[in-house]
*Asks:* 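Here it is, the structure, as structure tokens.
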Amino acid sequence: MNIKQKLREIIKNSLGIEVELTETKDPKLGDYSTNVAFTSQIKSVCGIKNNSPIKVAEDVVSRLKLPSEFIDCIEVGGAGFINFWLNKKFLYEAFTNILEEGEKFGSSNIGNNKRVLVEFVSTNPTGPLVVVNGRAAAIGDSLVRILKFTGYQAESEYYVDNCGKQVKLLEESIRARYRELEGEKAEIPEGGYPGEYLKEIAKEIKKSNLQNFREYGLNSIIQSQKDTLEKFGVSFDNWFYESDIRKSGGPEKVIDSIKKKELAYKKDGALWLKMPGDKDKVLIKSDGEFAYLVPDIAYHLNKFSRNYDLLIDLFGPDHISHIDELKTGLSACGSQVDKLKVIIVQWVTLVREGKKIGMSKRKGEFVTLDEVINDVGKDVTRFFFLMRKCESHLDFNIELAKRESKENPVFYIQYAGARIASILKRASSLDGINTIQISVQDLSLLKTPEELLLIRKILHFPEIIEHASLEFSPHYIPFYLLSLANFFHNFYEKHRVILDDDIPLTRARIELIKAVRQVIKIALSLMGISAPEKM
RNA sequence: GCCCUCGUAGCUCAAACGGAUAGAGCACCGGAUUUCUAAUCCGGGGGUUGAGGGUUCGAGUCCCUCCGAGGGUACCA
């Protein structure tokens with residue numbers, strides 16, 4: 001249970017109702033505050049009739065009975081907010097618990113052991129991964145790490161669309177490149193893939209004298225996607241192939257179910273899905289092939305059949321309308337659509353030399369994720385993607401990312417960790433520093449504003465993680481880390497950790513910076529970013 | 001045309017069920033260091049949150065209209 005939950009519960013016991021608590025922005029306003037005096041429920045539940053929020057707040061404060069070993073002081077501030085100051089001794093006690101929790105600090109069981117499957121990237125196996133795939137990869141991967149840390153059984157999955165029209169176009173495009181190597185004149189088919197990478201694949205095919213263009217091309221591209229992801233620090237628990245869902249007869253079953261529900265009709269030689277409104281969607285094309293939607297419904301039915309409590313899909317904005325179609329199809333097949341949560345990861349617009357770069361695999365113009373990782377590094381790339389909330393449009397300026405790489409927020413955070421590592425290394429040779437268990441009394445030597453700010457900041461960490469998990473939003477973590485690193489650097493400028501003439505304070509400060517380092521390590525690992533000892 | 005997402009400082013982005021004075025980084029200006037890592041710290045300027053209306057004790061956040069950007073728009077995935 002984190003501190004906020006604890007305070008909320010104590011207030012509930014005292015007042016009889018649930019109140020909302022927020023972390024205050026300004027330390028002058030205490031540690032937490034509540035707006036309960038503004039709410040209507042307070043008047044009915046407590047029988048307070050006074051109309052002035054300030055008077056209501058004062059009344060509430062007089063009713064509150066909070067243990068003094070936990071809460072130091074309660075005040076009414078502003079227009080009627082009630083502010084709480086935590087008892088310092090309690091802070092120190094909570095802090096000793098952190099030291100004991102170690103790497104588990106911040107973890108929780110809010111997921112209640114629920115099984116979650118997070119599907120992301122899932123790009124067509126027709127070319128290399130591009131920048132926006134990197135955004136989805138970073139967010140999806142981090143989300144899985146956060147969910148695991150907060151008590152979910154989370155798995156990641158990549159859906160490979162290795163069937164359908166785009167694969168045929170890929171095969172034809174490779175064949176065209178192959179004929180070019182034979183000295184013939186060949187054109188990439190309309191809607192095909194003119195990118196340079198297919199030339200390489202055609203060369204390899206020619207060199208090993210292979211005939212299976214399609215299979216070789218797919219395998220080669222999928223492998224290169226896996227290589228890129230590995231370089232990016234992203235690994236998937238499952239790779240699921242569309243061909244498997246087709247082999248199992250899934251799409252046919254979907255069609256049957258939809259027909260039984262009388263949600264399908266024929267028109268223009270195609271089979272259509274009846275949608276609410278007039279946005280009907282093709283299920284079987286007039287050439288007899290399944291449209292993409294059908295195997296995708298079958299795939300999601302397969303996911304449901306694997307007994308997950310929650311399915312999370314990360315989609316690009318081009319799939320927004322697909323969500324309704326998918327859900328309509330799924331409910332026609334009798335599955336629990338409310339267990340499916342879709343998160344939209346917006347496009348990344350690449351800016352190079354002040355110009356926006358078009359991103360189209362079909363036009364052959366794109367910047368690969370590989371290039372970006374090589375240019376600016378894995379850690380910086382991941383951080384850039386993770387510090388934005390996923391639904392925001394994002395401009396990624398390559399020159400800026402490279403230029404800033406020396407004064408980058410990532411390095412700012414990593415540097416704080418490295419500085420601590422350096423101090424700890426130096427301290428390790430001192431006597432009587434690391435051997436004895438630290439106590440609350442020892443920690444109470446930490447009383448400068450900088451130290452108390454750090455302690456409070458660290459104690460907030462579990463709440464940040466919980467928030468990120470509940471909202472499925474990793475981006476709260478980098479912002480928290482920036483603030484924590486700022487507090488640490490500030491502390492570092494003002495105070496020395498190792499004081500030759502004050503061993504007790506040295507010990508206390510070492511425990512403090514160890515905790516800072518621990519939190520940095522945990523948070524960075526949740527983002528899939530390294531925490532170097534030296535920089 | 002219709003539908004979805006977005007619009008916050010010069011630039012890139014935050015802001016917890018609607019809460020107190022809308023915050024960071026970059027850029028710009030000024031200052032700090034014989035110190036455990038200067039990839040650091042402190043200070044400053046910079047805002048009618050695209051525009052207008054509404055809801056209420058209170059709106060960047062919710063509702064309506066308009067403007068702008070991106071995406072989708074029926075047999076690509």
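The sequence lines fix the lettering, A, B, ..., with proteins before strands; numbering per chain opens at 1.
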*Asks:* Distance between the P atoms of B/rA51 and B/rA9, in whole angstroms?
*Replies:*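 Straight-line distance between the two P atoms is 10 Å.
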*Asks:* Between A/Asp379 and A/Gln414, is there a side-chain donor-acceptor contact under 3.5 Å, judged purely by atom types and distance?
*Replies:*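 Per modelled atom types, A/Gln414 and A/Asp379 side chains form a pair under 3.5 Å.
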*Asks:* Counting just side-chain N and O atoms, does A/Lys281 come under 4.0 Å of either OP1 or OP2 of B/rA74?
*Replies:*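 For B/rA74, neither OP1 nor OP2 has a side-chain N or O of A/Lys281 closer than 4.0 Å.
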*Asks:* Want to settle it: does A/Ala485 or A/Ile320 sit nearer the 5' end of RNA chain B, counting the closest nucleotide to each?
*Replies:*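 By nearest-heavy-atom nucleotide position, the 5'-most residue is A/Ile320.
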*Asks:* Return yes if the base of B/rA20 and the side-chain atoms of A/Ser33 contain a donor-acceptor N/O pair under 3.5 Å, otherwise no.
*Replies:*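 Pair found.
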*Asks:* Is the phosphate of B/rA77, meaning OP1 or OP2, less than 4.0 Å from a side-chain N or O of A/Tyr292?
*Replies:*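 The answer is no; no side-chain N or O of A/Tyr292 sits under 4.0 Å from OP1 or OP2.
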*Asks:* Counting just side-chain N and O atoms, does A/Lys55 come under 4.0 Å of either OP1 or OP2 of B/rC57?
*Replies:*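 Result: no.
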*Asks:* State which of B/rC13, B/rA16, B/rG70 makes the closest approach to the side chain of A/Leu394.
*Replies:*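 Nearest nucleotide to the side chain: B/rC13.
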*Asks:* Does B/rC17 count as syn, meaning its glycosidic angle lies within 90° of 0, or as anti?
*Replies:*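 Syn conformation here, the glycosidic angle of B/rC17 being no more than 90° from 0.
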*Asks:* Calculate the interatomic distance between A/Tyr492 atom OH and B/rU37 atom P; express it in whole Å.
*Replies:*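 Answer to the nearest Å: 5 Å.
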*Asks:* With rounding to the closest Å, how many angstrom separate the C1' atoms on B/rG58 and B/rC42?
*Replies:*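 After rounding to an integer number of Å, I get 35 Å for this pair.
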*Asks:* Is it the case that the side chains of A/Tyr292 and A/Asp161 hold a donor-acceptor pair, with the cut-off being a distance below 3.5 Å and no angle test?
*Replies:*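 Their side chains do not contain a donor-acceptor pair, so the 3.5 Å distance test is not met.
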*Asks:* When the distance from CG of A/Leu482 to C1' of B/rU12 is rounded to whole Å, what number comes out?
*Replies:*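 Rounded to the whole Å, the gap is 13 Å.
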*Asks:* According to a cutoff of under 5.5 Å between the ring centres and under 30° between the ring planes, does A/Tyr412 stack with the base of B/rA39?
*Replies:*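 No, A/Tyr412 does not stack on the base of B/rA39.
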*Asks:* Can you tell me whether the side chain of A/Glu20 and the base of B/rA16 have a donor-acceptor pair closer than 3.5 Å?
*Replies:*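 A donor-acceptor contact between them is absent.
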*Asks:* Hey, does the side chain of A/Lys25 come within less than 4.0 Å of B/rA16's phosphate (OP1/OP2), counting only N and O?
*Replies:*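 Answer is no, no contact under 4.0 Å.
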*Asks:* Can you tell me if the side-chain N/O atoms of A/Asn35 get under 4.0 Å from OP1 or OP2 in B/rG18?
*Replies:*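 No, because none of the side-chain N or O atoms of A/Asn35 sits under 4.0 Å from OP1 or OP2 of B/rG18.
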*Asks:* Does A/Asn486 make a side-chain N or O approach to OP1 or OP2 of B/rA24 shorter than 4.0 Å?
*Replies:*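 For B/rA24, OP1/OP2 do not have a side-chain N/O of A/Asn486 under 4.0 Å.
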*Asks:* Using a 5.5 Å cut-off between ring centres and planes within 30 degrees, is A/His475 stacked on the base of B/rA14?
*Replies:*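 Here the ring of A/His475 and the base of B/rA14 are not stacked, as the 5.5 Å and 30° limits are not both satisfied.
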*Asks:* Report yes if a side-chain nitrogen or oxygen of A/His393 is closer than 4.0 Å to either non-bridging phosphate oxygen (OP1 or OP2) of B/rC13; otherwise report no.
*Replies:*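 It does not, given that no N or O in the side chain of A/His393 lies less than 4.0 Å from OP1 or OP2 of B/rC13.
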*Asks:* Counting only side-chain heavy atoms from C-beta out, which of B/rC36, B/rC75, B/rU40 sits nearest to A/Arg419?
*Replies:*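 Nearest listed nucleotide: B/rU40.
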*Asks:* How far does the C1' atom of B/rU61 sit from the matching atom of B/rA16, given to the nearest Å?
*Replies:*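 The answer is 12 Å between these two C1' atoms.
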*Asks:* From the options B/rU37, B/rA39, B/rA16, select the nucleotide whose nearest atom is closest to the side chain of A/Phe411.
*Replies:*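 That would be B/rA39.
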*Asks:* If only side-chain N and O atoms count, and only distance matters, is there a donor-acceptor pair under 3.5 Å linking A/Asp296 with A/His322?
*Replies:*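 On atom types as modelled, these side chains qualify, holding a pair under 3.5 Å.
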*Asks:* With nearest nucleotide decided by heavy atoms, which residue, A/Gln346 or A/Asp26, maps closer to the 5′ end of RNA chain B?
*Replies:*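 Result of the comparison: A/Gln346.
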*Asks:* Spell out yes or no: do the side chain of A/Asn83 and the base of B/rA20 have one donor N/O and one acceptor N/O closer than 3.5 Å?
*Replies:*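 Flag set: donor-acceptor pair detected.
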*Asks:* Think A/Ser392 has a side-chain N or O under 4.0 angstrom from the OP1 or OP2 of B/rA14?
*Replies:*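 Answer yes for this pair, as a side-chain N or O of A/Ser392 is under 4.0 Å from OP1 or OP2.
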